[in-house]
Amino acid sequence: MSSTELPDSRTADAAPAAPRSRPVRIADGEELRSVALPGLSLTVRARPGTRTGLPPALYVHGLGGSSQNWSALMPLLADAVDGEAVDLPGFGVSPPPDDGDYSVTGHARAVIRLLDAAGRGPVHLFGNSLGGAVVTRVAAVRPDLVRTLTLVSPALPELRAQRTAWPTALLAVPGVAGLFARMSRDWTPEQRVRGVLSLCYGDPSRVTDEGFLHAVEEMERRLELPYFWDAMARSSRGIVDAYTLGGQHGLWRQAERVLAPTLLVYGGRDRLVSYRMARRAAAAFRGARLLSLPDAGHVAMMEEPETVAAAARELIADHDARHDGS
């Protein structure tokens, strides 16, 4: 049994949402709840399907993100899946895990525990960036939980990372996150959001004025969390550590073990995950489909949700057609 697999599958209990100083935004049609597990509390953002009996889906965000990162995509697939997006431990509205484990394996274990406890598997599984690495590990070690896998700019090991990705990697160095927090103390939330958008979007002008305002509000909320920088630093360290693992626990080796039909989405203007990695990923995931978006950056599901939804819908429909009646 992989270290990511857990025999514990206790039933999840409804629990109050984690304390927060500001309310988190919930889009029309979404529902937010907190799920309590031993040593762990996860916030889940649900977008129920438009009819009963639809297969379940789970969406997993990237470093510094939250379940809100999927709010543009989820309604476009609500007639195909019953969707839920999770806030990983220490992100969004989920509090830090009791054991302080922010490794890729730790996050994967949290996803597995959520699925086991809720009994929702197998699901159509989506992941972006860090979330892409997390769900790759989930699909490799627990194929029984995964119907299909959709990866948007997955954070898989690169030998030569782009220079624009170096600052994120530096957060993994002990003390750097605290130093950066002190150095950026006087930055306004608006300045921080513009920096994030310029790094994550192929074209930041795609973001509407309303969307920018919502992002600023979310940034203000996160900066008030006492564990914000610690979660960022430890998760960054978790990515770097995962990149150095070899053997059967290496992410590329685990990609080769994935049995689920896989859709890979890469942006030509991605400043964090190199576009050149698309070819290697397409070779690693057996029979994978590749969606290349030349004008997209790191978060294609937010930049071009209609295009991503169309490709994911085709993957889901093909899978369900093959398994109907089986």
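Computation of the quantities below employed the complete heavy-atom set of this structure, encompassing side-chain atoms and omitting hydrogens, waters and symmetry-equivalent molecules.
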Novice: Between S34 and S41, does any side-chain donor sit less than 3.5 Å from a side-chain acceptor?
Specialist: yes
Novice: Flag the pair R142 and D116 as a salt bridge only when some basic side-chain nitrogen lies within less than 4.0 angstrom of an acidic carboxylate oxygen.
Specialist: yes
Novice: Do H124 and P56 make a side-chain contact, defined as non-hydrogen atoms from C-beta onward lying under 4.5 Å apart?
Specialist: no
Novice: Just by modelled atom types, is the P122 backbone N or O under 3.5 Å from a matching donor or acceptor in the R147 side chain?
Specialist: yes
Novice: Quick one: does any side-chain atom of E190 pair with a main-chain N or O of V216 as donor and acceptor, under 3.5 Å?
Specialist: no
Novice: Looking at L156, is its backbone amide N or carbonyl O close enough to the side chain of Y243 to form a donor-acceptor pair, meaning the two atoms are under 3.5 Å apart?
Specialist: yes
Novice: Taking the side chain from S94 and the backbone from G90, do they hold a donor-acceptor pair closer than 3.5 Å?
Specialist: no
Novice: Are any non-hydrogen side-chain atoms of T43 and R33 less than 4.5 angstrom apart?
Specialist: no
Novice: Does any non-hydrogen side-chain atom of L125 lie less than 4.5 Å from one of T148?
Specialist: no
Novice: Has the side chain of H61 got a donor or acceptor atom that lies under 3.5 Å from a matching backbone atom of L88?
Specialist: yes
Novice: Quick one: closest heavy-atom pair of P89 and Y102, and the distance?
Specialist: O-CE2, 3.2 Å
Novice: Could you check whether R47 pairs with E84 (Lys NZ or Arg NE/NH1/NH2 to Asp/Glu carboxylate O, under 4.0 Å)?
Specialist: no
Novice: Quick check with a 6.0 Å cut-off and a 45 degree axis cone: is R280 positioned over the face of W252's six-membered ring?
Specialist: yes
Novice: Quick one: do R234 and D230 make a salt bridge, cutoff under 4.0 Å?
Specialist: yes
Novice: Can Y227 be reached from L223 by stepping across I, L, V, M, F, W or Y side chains whose heavy atoms are under 4.5 Å apart?
Specialist: yes
Novice: Do V123 and L145 have side-chain heavy atoms sitting under 4.5 Å apart?
Specialist: no
Novice: Between D295 and R269, does any NZ, NE, NH1 or NH2 come within less than 4.0 Å of an OD or OE carboxylate oxygen?
Specialist: yes
Novice: For the hydrophobic clusters of this structure (ILVMFWY residues joined by side-chain heavy atoms under 4.5 Å, transitively), does one cluster hold both L264 and L315?
Specialist: yes
Novice: For E304, is there an ion pair with R206 - N to carboxylate O distance below 4.0 angstrom?
Specialist: yes
Novice: Report yes or no: do L151 and I316 belong to one cluster of Ile/Leu/Val/Met/Phe/Trp/Tyr joined by side chain heavy-atom distances under 4.5 Å?
Specialist: yes
Novice: Indicate the atoms forming the closest heavy-atom contact of A72 with P305, along with that distance.
Specialist: O-CB, 3.9 Å
Novice: Under a 3.5 Å distance rule, please check whether D270 uses its side chain to pair with a backbone N or O of V273 as donor and acceptor.
Specialist: yes
Novice: Keeping R289 on the side-chain end and A311 on the backbone end, is there a donor-acceptor pair under 3.5 Å?
Specialist: no
Novice: Determine the minimum heavy-atom distance between R45 and S67, stating which atoms define it.
Specialist: NE-OG, 2.8 Å
Novice: Under the 3.5 angstrom rule, does the side chain of R271 hit a backbone N or O of S198 as a donor-acceptor pair?
Specialist: yes
Novice: Hey, are the side chains of R25 and Q68 touching, using non-hydrogen atoms and a 4.5 Å cut-off?
Specialist: yes
Novice: Looking at R279, I'd like to know if its CZ atom is crowded, meaning that more than 12 non-hydrogen atoms belonging to other residues, nucleotides or ligands lie closer than 6.0 Å.
Specialist: no
Novice: Hey, are the side chains of V86 and L114 touching, using non-hydrogen atoms and a 4.5 Å cut-off?
Specialist: yes
Novice: Is there a donor-acceptor pair under 3.5 Å between the side chain of R120 and the backbone N or O of L58?
Specialist: no
Novice: Charged N to carboxylate O under 4.0 angstrom, R313 versus E306?
Specialist: no
Novice: Side chains of P154 and Y266: closer than 4.5 Å at any heavy-atom pair?
Specialist: yes
Novice: With distance as the sole criterion, is a donor-acceptor pair present between the side chains of S292 and Y275 under 3.5 Å?
Specialist: yes
Novice: How far does OH of Y59 sit from CH2 of W70, to the nearest 0.5 angstrom?
Specialist: 8.0 Å
Novice: Got a second to check how far L293's CG is from L291's CG, nearest 0.5 Å?
Specialist: 4.0 Å
Novice: Could you measure the distance from the CG atom of N128 to the OG1 atom of T150? Nearest 0.5 Å is fine.
Specialist: 12.0 Å
Novice: Are E210 and F212 side-chain neighbours, meaning at least one heavy-atom pair lies under 4.5 Å?
Specialist: no
Novice: Quick check: is M302 connected to L76 through a chain of hydrophobic side chains (ILVMFWY, heavy atoms under 4.5 Å apart)?
Specialist: no
Novice: I need the Q191 CD to M219 CE distance, nearest 0.5 Å.
Specialist: 11.5 Å
Novice: Under the 3.5 angstrom rule, does the side chain of N69 hit a backbone N or O of S66 as a donor-acceptor pair?
Specialist: yes
Novice: Calculate, to the nearest 0.5 Å, the distance between atoms CG and CZ belonging to L259 and R286 respectively.
Specialist: 5.0 Å
Novice: To the closest 0.5 Å, what do you measure between CG (L130) and CG (L63)?
Specialist: 6.0 Å
Novice: Between R222 and E218, does at least one N-O distance fall below 4.0 Å, as a salt bridge requires?
Specialist: yes
Novice: Testing L42, V44, L225, V24 one by one against V93 for a side chain to side chain contact (heavy atoms under 4.5 Å, CB included), which residue passes?
Specialist: V24
Novice: Return the minimal non-hydrogen interatomic distance between L40 and P97, and the atom names on each side.
Specialist: CD1-CB, 3.9 Å
Novice: Classify the ring geometry between H107 and F91 as parallel (under 30°), tilted (30 to 60°) or perpendicular (over 60°).
Specialist: tilted
Novice: Between L54 and F126, is there shared hydrophobic-cluster membership here, with clusters defined by ILVMFWY side-chain heavy atoms closer than 4.5 Å?
Specialist: no
